Undergrad: 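This is the structure I have questions about; it appears just below.
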Amino acid sequence: MTGRDEDPRVAELRTAVSRLRRELATHPAEFPDRAIAEDELAALAAMAVHGTPEVPRLRRSLLLIAGAIGSMSALSRGLSEVRRAVELFGEPPRGRG
């Protein structure tokens, strides 16, 4: 989907992920889990390109990113924006049983 047909949640996710990826790329400090954060942000970016992502996968990536960079105060705003974007997708639908 592109343009006005695009899901606004996906657009918000793409924007937040892109911003945090840029912040992480320019952050001077090296830390042990940087590669994990970079990989999961790349995964989120790929999900945002291919339509509506799967909520469990979004949440898993968010947890991994938060665990990897959660203590980096310089990245906390960007991380919060990604978290809010993931929360826009809500809970996954429950099966009828």
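Start at 1 with the first residue, then count along the sequence. Note that the coordinates shown come from a computational prediction; the quantities given were computed from them, not determined experimentally.
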Undergrad: For the residue pair T15 / R19, report whether a side-chain donor-acceptor contact shorter than 3.5 Å exists.
TA: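 No, because no side-chain N or O of R19 sits under 3.5 Å from a partner of the opposite role on T15.
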
Undergrad: Any side-chain heavy atom of L24 sitting closer than 4.5 Å to one from M72?
TA: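 Heavy-atom side-chain distance check fails, nothing below 4.5 Å.
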
Undergrad: Please tell me whether V82 and F31 are part of a single hydrophobic cluster in this structure, the criterion being side-chain heavy atoms less than 4.5 Å apart.
TA: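 In one cluster with V82: F31, yes.
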
Undergrad: Nearest 0.5 angstrom please: E12 CD to D7 CG, how far?
TA: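 One finds 11.0 Å between CD of E12 and CG of D7.
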
Undergrad: Within the supplied structure, the quantity of interest is the number of heavy atoms (other residues, nucleotides, ligands) at a distance under 6.0 Å from R77 CZ; does it exceed 12?
TA: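 Result for CZ/R77: open.
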
Undergrad: Would you name the heavy atoms of P53 and F89 that are closest together and state the gap between them?
TA: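 Heavy-atom minimum between the residues: CD-CE2, 3.6 Å.
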
Undergrad: Rounded at 0.5 Å granularity, tell me how far CG in D33 sits from CD1 in I65.
TA: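 So the CG of D33 and the CD1 of I65 are separated by 12.0 Å.
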
Undergrad: When you compare the side chain of L62 with that of L79, does any pair of heavy atoms fall below 4.5 Å?
TA: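 Yes, side chains in contact.
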
Undergrad: Go through R84 and S80 one step at a time and tell me if the side-chain hydrogen bond (donor to acceptor under 3.5 Å, both in side chains) criterion holds.
TA: CA-CA 6 Å; R84 281 191 295 274; S80 292; 4.7 Å; no

Undergrad: Can you tell me how far CD1 of I36 sits from OG of S61, rounded to the nearest 0.5 angstrom?
TA: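 The CD1 atom of I36 is 12.0 Å from OG of S61, to the nearest 0.5 Å.
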
Undergrad: Taking all atoms of both residues into account, what is the closest heavy-atom pair of A46 and H50, and its distance?
TA: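 Distance-wise, the nearest heavy atoms are O-CD2, 2.9 Å.
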
Undergrad: Under a 4.0 Å N-O cut-off, is there an ion pair linking E40 with R57?
TA: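 A salt bridge is present here (some side-chain N lies under 4.0 Å from a carboxylate O).
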
Undergrad: Can any side-chain N or O of R34 pair as donor or acceptor with the backbone N or O of A29 at less than 3.5 Å?
TA: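 Yes.
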
Undergrad: Are V10 and V55 co-members of a hydrophobic cluster defined by side-chain heavy atoms under 4.5 Å apart?
TA: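 In one cluster with V55: V10, yes.
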
Undergrad: What's the separation between atom CG in L58 and atom CZ in R83, rounded to the nearest 0.5 Å?
TA: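 With rounding to 0.5 Å, CG (L58) is 14.0 Å from CZ (R83).
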
Undergrad: Taking all heavy atoms of A74 and all of H27, pick out the closest pair and write down the distance.
TA: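 Shortest heavy-atom contact: CB-CE1, 3.7 Å.
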
Undergrad: Would you please test L20 and E81 for side-chain contact (heavy atoms from CB on, under 4.5 Å) and show each step?
TA: CA-CA 8 Å; L20 183 55; E81 290 175 6; over 6 Å; no

